[in-house]
Amino acid sequence: MAGGLQHDAILASDIRTSTPVTGGIAAVIGAVNEMLFKLSAIALLAAALVLTFGVIAGHLYGRGVEWQDEVTIFLVAGAMFLSAGAVQQRRGHIGIDFLDHMLSPRLNAARRATVDAVVLAFCLFFAWKAGGLLQEALHEGQTSHSAWGPPLWIPYSLLTFGMALLAVQVALQVGQRSLLVLAVVVLAVVALLMWERPVRPLVTSLSQAQIGIAYFVATLVVMFSGMPIAFALGVVALVFMLLFMPSASVDTIAQNFYEELANVIILAIPLFILKGAAIGRSNAGKDLYSALHAWLHRIPGGLGVANTTACGLFAAMAGSSPATCSAIGSAGIPEMRQRGYSGGFAAGIIAAGGTLGILLPPSVTMLLYAVAAEVSLGKLFLAGIGPGLLLITLFALYSVLRYRKEFAVAQTVAAETGVRSALLAEEHYTLGQKLRMIAWVAPFVSILAGVMVVLYAGWATPSETAGVGAVLALIVIGAMYGIWRPSKLMPIVTGTLRESTMLLMIIGMSLLYAYVMSYLHISQAMAAWVIGLSLSKWVLLAAILLFVIVLGFFLPPVSIILMTAPIVLPPLKAAGFDLIWFGVVMTIVMEMGLIHPPVGLNIFVIKNIAPDIPLSDIIWGTMPFVVLMFLAVIICCLFPGLVTWLPSVMIK
C-alpha cells in the first residue's frame, strides 16, 4: 500500500512529501492549496466545537440546536473538499503498489504517467459535473430538507471549488511529465462533455452476468495499476455509468457522491481521528504503558501483559491500529528488548495489540460497517467489547507462556555460561510510584469512560460524542503536556485532516461504486447466486470470511466493508446470522490483515519503530497472534453470546 505509514494522523509528520514546484501557476496553486489546507484544519476544529456546544446547549435548555448537524456537515465535508488538492500535492492518497517491484523503471514510469492521466480525466469530468450541480442549485434555489433548511449552493460551491482545485493539481503533475499528454487528456474530456450521447445506455447487448464479471475484472485491473483507491473506484464507477446507465444517471455523479457523504455519522470519522491524534501525539501512550508495567511487573511475563493491556486501553482511546502500534510500541519495544525479551516477540505483541484499535469502541471500521449494514452503531460498539477483552486475555496468556519459555532458556544459558540475561533481573516499584503513575494517566482513561457513558446513556449521538471526545482530548493534552500553542496544535489537526480527506474520499467513491453496482443489479445478482448455492450456514460463513482474508492481503478494512457489504450481507441474513455478530467477527478477520503479509500495515509500523529488528523476525513474531485471532473467531462462533449478550442487555 503506497505510503501506508504516512496516512495515519498520529504517525504522520506535517512535512510535505511531494517535490516542491516553483514558478508561475504551480507556485500560485501550491500557495492556494496550503492556505485552504490550514483553513480546512480550522474548520475541523470548529466542527468539534459546534457539536460540543450542541451537547451543552441541549442539556441546559432541554432541546437540541436545529442547525448543529447541518453546520457540522458543511464544515467537515467542506474541509475535505477544499483539502483534496493539498493532499494530492503531497501524494497522500493511498494505492496498491503491487507492480512497483515487478516492472522495470521505464515501465513503472509509463504506468505512473498513465495512471495520472486517467485520474486527471476523472477529476476534470467530476469537477465539471459538480459545477453543473452548483448551477442547478443556484438557478432553482434548492435548500436542504432539514428543519433549518440552508441553501444547497453552500456545500455545492465547496464541492465544486475543491474538486476543480484537485483537477488543477493533478493537471500540474501530469504537465510536469508531459505537456502533450496533458493536452490530449483535456481535449478528450472536453470532447466527452460536449458529446450529445444517446439517452439510453450505450451498451445493451451484454448479459447481467457478463456486466458483473467485467465490473470486477475492471476493478482489479485499475486497483492493481497503482491508482489511488479512491480514484480507482470512482473511475470504474464512471466508466460503467457511461457504458451501461442512461445519460441522466451520469449527470448525477457529483450529487450522488455528496449525498452519500452528507451523513453526520460518516462525517464524525474525522473527529474520532482527531481525538486519537491528540492523544497519540502526546506522551499518553508512554505514560499508560509505564503505569501498567509498574503494577503488573510481578506477573510472569508482566511486561508483555502490560504491553497488551496498554494496547487495549490506548486503542479504545485513540481508535487507530497504526497509532496504537506507534504510541505503545515506541516505549514498549525498547523496554522489552532492554529487559531481555526477543525482538520478534516484542514486535509481535505490539503489532497484534495494535489491531485492537478497529475492534474496541469507538472504532471507525465498525462505524462504517454500521452504516453499510444499517445496524445500530451503539449495539455494534458494545458487541466489540467482549471479543476485545477475549483477545486481550488470549494475547496476555500467550505472553506469559512465551515469557516462561524465554526465561527457562535464559536460566539454562546462565547456568552453563555464567552470562545472565536481563530477563532474569528483578524490578521494584514503591506504592507511591505506582499511585503517581496511575494519577498521571487517569485523565485519559476518564475521557474514554466519559465518552462511553455519554454515548450509552443517550446524552449524545455518536457524532456528538466524537466532537466532545475530540475537544476533551485537546484540552487534556494542552493542560498536561503543554500542547496548546498553534505551532504544536496545528500538526495534530493537519495530520488528522490529511488522513480524513484520504479516508473520506475512499468512502465517498466506495459508496458511489456500490451505487453503480446496485443500479446495474450486480450486487443483487451476486447475492442471489450465493443464496442459490444452498451452502450450509457455516460453510457460507467460512467462504465469506476466507474471501475477506484474501481481500485483506491488499485492501484496507474501509474498502473491504463498503465493497463487499451489498454482496455478502443478504446471504448471511438469509442464512439466519445476526449482522451485528457478523460485523464483530468480520472485524477480527480484518484485524488479521493488519499483521499478515503482503500488506500487513502494522508490520511496517513496527519496522519503522524498530528498524534493527529483521522484517522476517517481525512477521514470524506476529504469526502466533494470527492463530489466536483465528481461535477467537471460532470461540465467537461457538459462543455467540460473547458478542451479543452485552448489547442485548444494555440497549433494548
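The shown structure was predicted, so the numbers you read here are calculated from the model rather than taken from an experiment.
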Residue pair Val55 / Leu51, side-chain heavy-atom distance below 4.5 Å: no
Leu504 and Leu267, any side-chain heavy atoms less than 4.5 Å apart: yes
4.5 Å side-chain heavy-atom contact, Leu545 and Phe582: yes
Intermediate values then yes/no, side-chain contact (heavy atoms from CB on, under 4.5 Å), Ser463 and Ile265: CA-CA 6 Å; Ser463 55; Ile265 295 180; 5.6 Å; no
Full working for side-chain contact (heavy atoms from CB on, under 4.5 Å) between Met336 and Ile349: CA-CA 10 Å; Met336 290 185 74; Ile349 198 167; 4.0 Å; yes
For Ala396, all residues meeting side chain to side chain contact (heavy atoms under 4.5 Å, CB included), sequence neighbours excluded: Val305
Pairwise side-chain contact, Asp578 with Pro640, heavy-atom cut-off 4.5 Å (strictly under): no
Tyr481 atom OH, over 12 foreign heavy atoms within 6.0 Å: yes
Atom of Ala372, atom of Ala565 and distance for their closest heavy-atom approach: CB-CB, 3.8 Å
Polar side-chain atom of Glu464 near backbone of Thr461 as donor-acceptor pair, under 3.5 Å: yes
Test item: Lys379 side-chain N/O and Leu646 main-chain N/O as donor-acceptor pair under 3.5 Å: no
Close side-chain approach of Cys637 and Trp581, heavy atoms under 4.5 Å: yes
Side-chain touch Ser500/Met80, heavy atoms, less than 4.5 angstrom: no
Given Leu359, Ile635, Leu631, Thr308, the one that forms side-chain contact (heavy atoms from CB on, under 4.5 Å) with Leu391: Leu359
Expected output: side-chain Thr355 to main-chain Ala352 donor-acceptor under 3.5 Å: yes
Non-hydrogen atoms of Gly384 and Val584 that approach each other most closely: N-CG2, 4.0 Å
Least distance between heavy atoms, Leu572 atom then Leu579 atom: CB-CD2, 4.4 Å
Spacing of CD1 belonging to Ile606 relative to CD1 belonging to Ile333, to within rounding of 0.5 Å: 4.0 Å
Nearest-0.5 Å distance that lies between atom CG in Leu45 and atom CG in Leu489: 6.0 Å
Among Pro647, Pro361, Ser376, side-chain contact (heavy atoms from CB on, under 4.5 Å) partner for Leu382: Pro647
Heavy-atom closest contact (Leu377 atom, Met366 atom, distance): CD1-O, 4.1 Å
Spacing of CD1 belonging to Ile350 relative to CD1 belonging to Ile618, to within rounding of 0.5 Å: 12.0 Å
Close side-chain approach of Phe630 and Val589, heavy atoms under 4.5 Å: no
Proximity of Tyr403 and Phe345 rings by center, below 6.0 Å: no
Cys636 to Val585 - nearest heavy-atom pair and separation: CB-CG2, 4.2 Å
Side-chain donor/acceptor of Ser648 to backbone N/O of Trp645, under 3.5 Å: yes
Evaluation steps, side-chain contact (heavy atoms from CB on, under 4.5 Å), between Phe37 and Arg498: CA-CA 9 Å; Phe37 192 65; Arg498 184 163 58 251; 4.2 Å; yes
Check: Thr622 side chain, Ile595 main-chain N or O, donor-acceptor pair, under 3.5 Å: yes
Value rounded to 0.5 Å, distance of CD1 in Ile561 from CG in Leu569: 10.0 Å
Under-4.0 Å salt bridge between Asp612 and Arg337: yes
Centroid-centroid distance, Trp538 to Phe577, less than 6.0 Å: yes
Ser83 side, atom OG; Arg90 side, atom CZ - distance, nearest 0.5 Å: 9.5 Å
Heavy-atom side-chain contact between Leu503 and Val364 under 4.5 Å: yes
Closest non-hydrogen atom pair, Leu356 against Gly312: CD1-CA, 3.8 Å
Gap separating the CD1 atom of Ile266 from the CG atom of Leu368, nearest 0.5 angstrom: 6.5 Å
Expected output: side-chain Asn602 to main-chain Ala351 donor-acceptor under 3.5 Å: yes
